[in-house]
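Everything on this sheet refers to the single structure shown next.
Chain identifiers are assigned alphabetically (A, B, ...) following the order of the sequence lines, protein sequences preceding nucleic acid strands; residue numbering begins at 1 within each chain.
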Protein chains: 2
Amino acid sequence: MRQDGRLARMIHVLVHMGLLGGRETSERIAQMLNTNPVVVRRTMASLRQHGIVESEGGRGGGWSLTRPLSEITILDVQRALQGETILDAPLSNDHPSCPVERAANDKLQLAYQSAEQALQREFQKVTLAEVGEIAMATAQAEKRA
Amino acid sequence: MRQDGRLARMIHVLVHMGLLGGRETSERIAQMLNTNPVVVRRTMASLRQHGIVESEGGRGGGWSLTRPLSEITILDVQRALQGETILDAPLSNDHPSCPVERAANDKLQLAYQSAEQALQREFQKVTLAEVGEIAMATAQAEKRA
DNA sequence: TATACCGTAACACTATTTGTTACGCTGTGG
DNA sequence: CCACAGCGTAACAAATAGTGTTACGGTATA
């Protein structure tokens, strides 16, 4: 099954950036994600287009958040990476004029709309600040253990 | 984005089989789906394993439903094709020990569980008989137009 | 026994994501 | 003013998944 991974990876990065507060280079982010700087730039570019981060070239440049983690939801990140729709209903297109195929597609479409709504609702409820808090809390708990 | 298509295609085929009532060969099903018999056998084999259809070899053989369309839900077909889980949360696995990554993954997992439940609920509500009825109705409507 | 089916393995083709290299542009510090 | 550290982007390789195709074997029926 498809595993995009960019959403989780970008949340990971943004939360780190928010917690540390500073600017990060593509190089350092790439190390965080076990990948390389070009992949990072490709993906971060989408976030920049949606105003979540900004980049500066030249010496001392890098990426930084444009607003605090408390004002970024998972849905914001998702939309920046992939657009409005998260789930695509897997429809068939073998005989577009066949009423049976159309009826099957319609039902699938409705079901996926319901799932899409649930997902968007959940994504909108969660800010990156929350993710950071959970991470800090579990880090504390593990230190005590 | 990923587009599996097998679910929609199999619903399409099963409804046709139910409406026509008879046995279909892989060859004829392949024509319905604009594909070829081997692909059909591969996919139908999953449905057979879950008791939705049965196959007979030899002259006059082919595929047939084991029960009426009213007793097959979209969820049944989905499970036969892919197993219990429909949606996989796209998690990251770059630094499994990083609390931030884990917190992000946890939140995504929860959101996807919510979507998964919505999807399963919808899939379970729809029988293939319903799909057939809708198809018959729209076919009628179009004939009148 | 010939034929019309399914069962299955093996391989090519395609599309998508990811990784990698290369090269150009820009701003800063010396 | 120039070397360097950073991003921007194109181009291409690699891995993965689904799909299409060929080939060959098994089986039931006329």
Side-chain angles (χ1 to χ4, degrees), chain A residues 1-10 12-13 17 22-49 52-66 78 81-83 85-94, chain B residues 1-10 12-13 17 22-50 52-66 78 81-83 85-88 90-94:
Chain A
M1 194 166 234
R2 129 147 123 320
Q3 279 282 82
D4 192 326
R6 283 179 310 174
L7 178 59
R9 294 176 114 186
M10 286 305 106
H12 182 182
V13 165
M17 287 173 63
R23 178 163 293 174
E24 296 282 359
T25 67
S26 301
E27 182 62 40
R28 281 175 50 81
I29 295 173
Q31 286 166 7
M32 262 207 268
L33 299 180
N34 287 324
T35 180
N36 78 46
V38 177
V39 176
V40 171
R41 291 189 192 113
R42 263 204 296 249
T43 311
M44 294 291 276
S46 309
L47 301 185
R48 184 184 47 217
Q49 283 187 314
I52 295 174
V53 298
E54 56 196 2
S55 64
E56 275 182 86
R59 199 183 195 107
W63 302 88
S64 48
L65 296 173
T66 60
Q78 164 66 37
L81 292 175
Q82 205 186 347
T85 306
I86 306 169
L87 302 173
D88 273 336
L91 306 181
S92 64
N93 194 29
D94 301 312
Chain B
M1 193 167 232
R2 138 160 115 309
Q3 278 282 84
D4 191 326
R6 283 179 309 175
L7 177 58
R9 292 176 115 186
M10 287 304 107
H12 183 181
V13 165
M17 287 172 64
R23 180 164 291 173
E24 295 282 359
T25 66
S26 301
E27 181 63 40
R28 281 174 50 81
I29 295 173
Q31 286 166 7
M32 263 208 268
L33 300 180
N34 288 324
T35 181
N36 78 48
V38 176
V39 176
V40 171
R41 291 190 192 111
R42 263 203 296 249
T43 310
M44 293 292 277
S46 308
L47 301 185
R48 184 185 46 218
Q49 283 186 315
H50 283 73
I52 295 175
V53 297
E54 56 197 3
S55 64
E56 276 182 85
R59 197 183 196 108
W63 301 88
S64 48
L65 296 174
T66 60
Q78 164 65 37
L81 291 175
Q82 206 187 343
T85 306
I86 306 171
L87 301 174
D88 274 335
L91 305 182
S92 63
N93 195 28
D94 301 312

Closer to the 5' end of DNA chain D via nearest nucleotide, is it B/G60 or B/R9?
B/R9
What nucleotide among C/dT21, D/dG8, C/dC6 has an atom nearest to a side-chain atom of B/R41?
C/dC6
Could you tell me how far apart B/E56 (CD) and D/dT27 (C1') are, to the nearest whole angstrom?
11 Å
Separation of B/L33 atom CG from D/dG18 atom P, in whole Å?
17 Å
Specify the separation, in whole Å, of atom CZ of A/R28 and atom C1' of D/dG6.
14 Å
Value for CE (B/M17) from OG (B/S64), rounded to nearest 0.5 Å, stands at 6.0 Å
What's the CZ-P distance between B/R42 and C/dA9, to the nearest Å?
11 Å
Look at the side-chain N and O atoms of B/S55 and state whether any lies under 4.0 Å from the OP1 or OP2 oxygen of C/dC5.
no
Is there a donor-acceptor contact under 3.5 Å linking the side chains of A/R48 and A/S55?
yes
Against the side chain of A/R59, the closest entry in D/dA5, D/dG8, D/dA30 is D/dA5
Which nucleotide wins on minimum distance to the side chain of A/V39, given the candidates D/dC7, C/dG19, C/dT8?
C/dG19
For a 4.5 angstrom cut-off between non-hydrogen side-chain atoms, does A/I52 reach A/M10?
no
Among the nucleotides C/dT20, D/dG8, D/dA23, whichever has the atom closest to the side chain of A/V38 is C/dT20
Could you give the CZ-to-C1' distance, from B/R23 to D/dT29, as a whole number of Å?
12 Å
Rounded to the nearest 0.5 Å, how far does CG of A/L33 lie from CZ of A/R28?
12.0 Å
Please round to the nearest 0.5 Å and tell me the distance separating atom CG of A/L7 and atom CG of B/L91.
9.5 Å
Taking for each residue the nucleotide of DNA chain C bearing the nearest heavy atom, is the 5' side occupied by B/W63 or by A/P37?
B/W63
Taking only N and O in the side chain of B/N36, is any of them less than 4.0 Å away from OP1 or OP2 of D/dT21?
yes
Hey, does the side chain of B/T25 come within less than 4.0 Å of C/dC5's phosphate (OP1/OP2), counting only N and O?
no
Indicate, with a heavy-atom threshold strictly under 4.0 Å, whether A/R6 touches base, sugar-phosphate, or nothing.
sugar-phosphate
I need the CD-P distance between A/E27 and D/dG8, as an integer number of Å.
15 Å
Whole angstrom value for the distance that separates P of D/dG6 from CZ of A/R48:
17 Å
Protein-nucleotide distance (B/Q49, atom CD; C/dC6, atom P), rounded to Å:
17 Å
